Asker: 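I'd like to ask some things about the structure below.
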Amino acid sequence: MDIRNPCVVSLTWRLEDAQGELIDELNEPMEFFFGGDDLLSKVEEALMGQSTGFEAALHLEPEHAFGDYHSDLVFFEPREIFHEAVEEGMQFDGPPEGSQTPDMPKDAIYTVTEVYDTHVVMDGNHPLAGIALNLSLKVIDVREATEEEIEQGSVAQSIFSFAPEGGEAGADEDIPPGATLH
């Protein structure tokens with residue numbers, strides 16, 4: 001079956017920064033919805049019309065991956081508005097409750113990047129924002145998407161979304177290693 005919108009592709013890959021440092025390696029195939037929010041548009045462009053066994057090596061500049069880094073999405077919040085167990089890597093869907101920085105976008109995922117006695121540093125940038133990436137991928141399988149997957153625009157059991165706008169994280173979740181490629 002050729003890859004077309006909508007379908008589900010099983011991929012393996014190796015993701016590195018522009019200096020060749022490993023960011024993520026997916027050795028076991030994972031399914032992604034093609035034609036929704038699971039994959040970056042440049043990845044979908046490379047996959048369109050291809051089939052099982054296709055391999056590609058892509059170079060993705062920040063504007064084609066997770067965007068540029070925006071320093072205005074980094075802000076400080078008083079330590080007392082957080083639970084005492086707050087730690088680096090925790091994520092919040094929108095600014096934390098009690099935020100004293102009301103002008104921050106409500107629809108962003110914020111990551112705790114530093115915790116001090118008096119304040120906590122929050123960052124609304126994707127962890128890979130501003131980074132050029134090299135992605136080597138292989139198509140392991142292609143199948144028809146189910147009605148549920150088509151309705152969702154995503155693979156139901158996918159715990160890992162490759163698009164910057166996909167997925168949500170809860171306040172008590174850590175960033176999985178090499179993850180949040182969403």
Side-chain angles (χ1 to χ4, degrees), residues 1-17 22-70 73 91-95 104-111 123-182:
M1 173 179 170
D2 288 343
I3 298 173
R4 58 177 164 50
N5 182 3
C7 70
V8 174
V9 296
S10 293
L11 301 175
T12 58
W13 70 55
R14 181 177 175 89
L15 181 67
E16 299 174 344
D17 66 18
L22 180 66
I23 294 172
D24 184 51
E25 189 162 24
L26 183 60
N27 292 314
E28 294 298 319
M30 183 169 278
E31 290 188 327
F32 297 92
F33 184 80
F34 184 90
D37 292 334
D38 284 358
L39 296 167
L40 295 168
S41 61
K42 286 292 183 184
V43 173
E44 285 201 354
E45 286 176 26
L47 294 175
M48 179 63 87
Q50 303 299 331
S51 59
T52 300
F54 174 75
E55 295 184 45
L58 306 173
H59 176 78
L60 303 167
E61 287 297 322
E63 62 268 20
H64 297 121
F66 299 98
D68 292 323
Y69 187 86
H70 299 283
L73 291 175
Q91 292 187 313
F92 293 82
D93 189 4
M104 298 312 291
K106 305 289 185 234
D107 60 347
I109 294 182
Y110 294 96
T111 303
D123 188 344
N125 287 287
H126 186 282
L128 297 177
I131 299 174
L133 302 171
N134 292 316
L135 175 67
S136 299
L137 60 80
K138 182 175 183 178
V139 177
I140 304 302
D141 193 24
V142 182
R143 68 170 174 82
E144 297 285 336
T146 66
E147 288 299 319
E148 179 184 2
E149 290 165 338
I150 293 170
E151 283 178 29
Q152 298 180 158
S154 183
V155 176
Q157 73 272 17
S158 179
I159 60 167
F160 180 80
S161 181
F162 201 61
E165 63 276 354
E168 290 184 5
D172 294 326
E173 295 179 39
D174 289 334
I175 301 171
T180 322
L181 287 176
H182 67 259

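Predicted, not measured: the structure shown is a model, and the values here were computed from it.
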Asker: Is the closest side-chain heavy-atom distance between Leu137 and Leu47 below 4.5 Å?
Answerer: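 Contact flag for Leu137/Leu47 side chains = yes.
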
Asker: Show the atom names and distances, to 0.1 Å, of all donor-acceptor pairs under 3.5 Å that link a side chain in residues 2-10 to residues at least two apart or in another chain.
Answerer:
residue : atom : partner : partner atom : Å
Arg4    : NH2  : Glu144  : OE2          : 2.7

Asker: Before accepting this row, confirm whether a basic side-chain N of the pair Arg14/Glu16 lies closer than 4.0 Å to the acidic partner's carboxylate O.
Answerer: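 Here Arg14 pairs with Glu16 in a salt bridge, since their nearest N and O are under 4.0 Å apart.
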
Asker: Just by distance, do the side chain of Asp38 and the backbone of Phe33 share a donor-acceptor pair under 3.5 Å?
Answerer: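 At least one qualifying donor-acceptor pair exists.
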
Asker: Taking the side chain as every heavy atom from C-beta outward, state whether Ser136 and Leu15 have any atom pair closer than 4.5 Å.
Answerer: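 A side-chain contact under 4.5 Å is absent here.
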
Asker: Do Leu39 and Leu11 have side chains that approach each other closer than 4.5 Å (heavy atoms only, starting at C-beta)?
Answerer: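 In contact.
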
Asker: Rounded to the nearest 0.5 Å, how far apart are CG of Leu26 and OG1 of Thr12?
Answerer: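 Here the interatomic distance stands at 6.5 Å.
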
Asker: Under a 4.5 Å cut-off applied to non-hydrogen side-chain atoms, are Trp13 and Asp24 in contact?
Answerer: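 The answer is yes, as the side chains (C-beta and beyond) meet within the 4.5 Å cut-off.
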
Asker: Evaluate the side-chain proximity of Leu128 to Ile23: yes if any heavy-atom separation is below 4.5 Å, no if none is.
Answerer: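 They are in side-chain contact.
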
Asker: Does atom CD of Glu63 have more than 12 heavy-atom neighbours from other groups under 6.0 Å away?
Answerer: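 Atom CD in Glu63 is crowded, with more than 12 foreign heavy atoms closer than 6.0 Å.
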
Asker: Roughly how far apart are Asn125 CG and Thr111 OG1, rounded to 0.5 Å?
Answerer: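 If we round to the nearest 0.5 Å, Asn125:CG and Thr111:OG1 are 9.0 Å apart.
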
Asker: In Å and rounded to the nearest 0.5 Å, what is the CG to NZ distance from Asp93 to Lys106?
Answerer: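 Interatomic distance, Asp93 CG to Lys106 NZ, rounded to 0.5 Å: 12.0 Å.
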
Asker: Using a distance-only test with no angle check, is there a side-chain donor-acceptor pair under 3.5 angstrom linking Glu44 and Ser41?
Answerer: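 Looking only at side-chain atoms, Ser41 and Glu44 do not form any donor-acceptor pair under 3.5 Å.
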
Asker: Hey, does the side chain of Glu149 reach the backbone of Thr146 with a donor-acceptor pair shorter than 3.5 angstrom?
Answerer: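 Yes; at least one donor-acceptor contact below 3.5 Å.
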
Asker: Let me confirm one number: the CG-CZ distance from Asp37 to Phe32, rounded to the nearest 0.5 Å.
Answerer: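 One gets 13.0 Å once the value is rounded to the nearest 0.5 Å.
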
Asker: Regarding Tyr69 and Asp123, do their side chains bring together a donor and an acceptor under 3.5 Å, going by distance alone?
Answerer: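 The answer is yes; a qualifying pair exists.
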
Asker: Could you pull out the closest heavy-atom pair between Asp68 and Pro62, with the gap in Å?
Answerer: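 It is OD1-CB, 3.7 Å.
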
Asker: Taking only residues two or more places apart in sequence or in another chain, which ones pass salt bridge (Lys or Arg N to Asp or Glu O under 4.0 Å) with Glu61?
Answerer: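 With sequence neighbours excluded, Glu61 shows a salt bridge (Lys or Arg N to Asp or Glu O under 4.0 Å) to no residue whatsoever.
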
Asker: Considering only heavy atoms from C-beta outward, does the side chain of His64 approach that of Leu40 to under 4.5 Å?
Answerer: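 No, every pair of side-chain atoms sits at 4.5 Å or beyond.
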
Asker: Check whether any side-chain heavy atom of Lys42 sits under 4.5 Å from a side-chain heavy atom of His59, and report yes or no.
Answerer: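 Lys42 does not reach His59 side chain to side chain.
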
Asker: How many angstroms lie between atom CE of Met30 and atom CD1 of Ile140, to the nearest 0.5 angstrom?
Answerer: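 Separation between the atoms: 13.0 Å.
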
Asker: Is the shortest heavy-atom distance from the side chain of Leu133 to the side chain of Ile131 under 4.5 Å?
Answerer: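 Yes; the side chains approach each other to less than 4.5 Å.
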
